[in-house]
Amino acid sequence: MVAASAEWALAFGVLGNIISFGVFLSPLPTFYQIYKKKSTQGFQSIPYVIALFSAMLWIYYAFLKSNTTLLITINAFGVFIETIFICVFLFYGTKKAKIDTVKLLVLFIAFGFGVIVTLTHFLAKGSERTRIVGWICLVFSLCVFVAPLCIVRQVIRTKSVEYMPFALSAFLTLSAVVWFFYGLLIKDFNVAIPNVLGFIFGIVQMILYQIYNKPSQIIKEEKLPEVILAEQIIIVDEHENDKVSDNKLSEQLNIDISKLGSIEKIPVVLRRIDDGIETENVDRQIKVVV
């Protein structure tokens, strides 16, 4: 029974690593756009600083326990990839964005993580230290899972899922399920409990996506009305000539307008009369007063 439980724990741990690997890489399209445009385009660095802080906390916790290799591997990758993302922010960000990113790094990494490691190292020993760090990881993970509530509120307010991709919500939900069973099988409730909340919020996000995901309306192009253009316009003085011979048609204006619905070109003769200009063709006569 114990051997079977260990095998299942290993299976869920490996699966959790694979899924979380994809979750960590999900911002790559965003950073590719940043690289192409050489600008952070208003994106914020705080999600990546928090993700870095969380990964560092879980690594610290994993080192205090035994048989937590799978926690170390995925969070080590998280530290690596989040560090690269933050470096991109520092390189391409505006001066204000760079200053804000440095402030966050000082607050969460230098101060926050530094204080946690220092206090737990000198003020707690053995299993007590492990329990305290575990509770810190649990509380912080709950806060991370609660963070998407602001996105949920925005979706409900705007009735749009533009800023809540379904694929990311689905992967986060699946990740929460896998890591919950991993924590349950290794009997580590600091790992299992936060993922219960992660699963619940993931389901809520996917339900909202189905409710507010309206298929884009296809705008049909209306065909413009038929336009009849004159290919040849000949202006003739009514008092001088009643007939126009082919060899005297020297004044011509060619009109060529493309993409304007159905176009028909016909020869038109304009005769100058006392009260305007009269057009003549085989089909109709139009008098325009000028």
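Atoms CG and CG, from Asn213 and Leu208 in turn, are 11.5 Å apart once rounded to the nearest 0.5 Å. Within the model, atoms OG1 of Thr120 and CG of Leu64 stand 7.0 Å from one another, a figure rounded to the nearest 0.5 Å. Taking OG from Ser26 and CG from Leu172, the interatomic distance works out to 7.0 Å, rounded to the nearest 0.5 Å. Summarising the geometry, atom CG belonging to Leu142 is positioned 9.5 Å from atom CG belonging to Asn195; distances are rounded to the nearest 0.5 Å. The distance from the OG1 atom of Thr158 to the OH atom of Tyr212 is 9.0 Å, given to the nearest 0.5 Å. Taking CZ from Phe108 and CG from Leu57, the interatomic distance works out to 10.5 Å, rounded to the nearest 0.5 Å.
Residue-environment remark: CD (Gln33) exceeds the threshold of 12 foreign heavy atoms within 6.0 Å. Phe171 CZ: 12 or fewer foreign heavy atoms inside a 6.0 Å radius. A 6.0 Å sphere centred on NZ of Lys187 holds no more than 12 heavy atoms belonging to other residues, nucleotides or ligands.
Between Ile186 and Asn67, every side-chain heavy-atom pair lies at or beyond the 4.5 Å cut-off. Side-chain contact check for Phe24 versus Ile74: some heavy-atom pair is nearer than 4.5 Å. Inter-residue side-chain proximity for Tyr182 and Val14 is flagged as unmet; no heavy-atom pair is nearer than 4.5 Å. Looking at Leu104 and Ile50, their side chains never come closer than 4.5 Å, going by heavy atoms from C-beta outward.
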- Query: Can you list the steps and then say if Phe53 with Ile116 is a side-chain contact (heavy atoms from CB on, under 4.5 Å)?
  - Reply: CA-CA 11 Å; Phe53 177 62; Ile116 290 171; 4.0 Å; yes
- May I have the step-by-step check of side-chain contact (heavy atoms from CB on, under 4.5 Å) for Ile19 and Ser175, ending in yes or no? CA-CA 6 Å; Ile19 297 172; Ser175 176; 3.7 Å; yes
- side-chain contact (heavy atoms from CB on, under 4.5 Å) between Val49 and Phe89: does it pass, once the steps are laid out? CA-CA 11 Å; Val49 175; Phe89 258 95; over 6 Å; no
- Query: Yes or no on side-chain contact (heavy atoms from CB on, under 4.5 Å) for Trp179 and Leu71, after CA distance, side-chain angles and deciding distance?
  - Reply: CA-CA 10 Å; Trp179 284 112; Leu71 277 178; 4.0 Å; yes
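With no hydrogens or angles considered, no side-chain donor-acceptor pair links Tyr61 and Asn75 at under 3.5 Å.
Shortest non-hydrogen contact noted between Ser169 and Gln205 is OG-OE1, 3.1 Å. Considering all non-hydrogen atoms of both residues, Tyr60 and His121 come closest at OH-N, 4.2 Å. Nearest approach of Met206 to Ala170, heavy atoms of both residues: SD-CA, 3.8 Å. Taking all atoms of both residues into account, the shortest heavy-atom contact from Ile132 to Ala124 is CD1-CB, 3.9 Å. Smallest separation of non-hydrogen atoms from Ser45 and Thr101: OG-OG1, 2.8 Å. Contact record, Pro194 with Val191: CD-O, 3.6 Å, taken as the closest heavy-atom pair.
Partner of Phe85 under the ring-ring contact (aromatic ring centres under 6.0 Å, His included) criterion, chosen from Phe91, Tyr32, Phe31, Phe80: Phe31.
Under a hydrophobic-cluster definition in which Ile, Leu, Val, Met, Phe, Trp and Tyr are linked whenever side-chain heavy atoms come within less than 4.5 Å, directly or via other members, Ile72 and Leu70 are assigned to the same cluster. Note on Val117: it clusters hydrophobically with Leu138, by side-chain heavy-atom contacts below 4.5 Å among ILVMFWY residues. Put simply, Phe63 and Ile136 are part of the same group of oily side chains (I, L, V, M, F, W, Y) that touch within less than 4.5 Å, one to the next. Both Ile200 and Leu174 belong to a single network of hydrophobic side chains, linked directly or stepwise wherever heavy atoms of I, L, V, M, F, W or Y lie under 4.5 Å apart. In the hydrophobic clustering of this structure, Ile18 groups with Leu28; members are Ile, Leu, Val, Met, Phe, Trp, Tyr whose side-chain heavy atoms approach within less than 4.5 Å, directly or through other members.
Remark: Asn17 pairs with Thr73 by the side-chain hydrogen bond (donor to acceptor under 3.5 Å, both in side chains) rule, at least two apart or across chains. Under the side-chain hydrogen bond (donor to acceptor under 3.5 Å, both in side chains) criterion, Ser141 pairs with Trp58, not counting sequence neighbours.
Between Phe12 and Phe181, the ring-plane angle classifies as parallel under the 30° and 60° cut-offs.
Side chain of Thr40 to backbone of Gly93: no donor-acceptor contact under 3.5 angstrom is found.
Ring centers of Phe180 and Phe199: at least 6.0 Å apart, outside the cut-off.
Taking the ring centre of Tyr35 as origin, the terminal cationic atom of Lys38 falls inside the region bounded by 6.0 Å and 45° from the ring axis.
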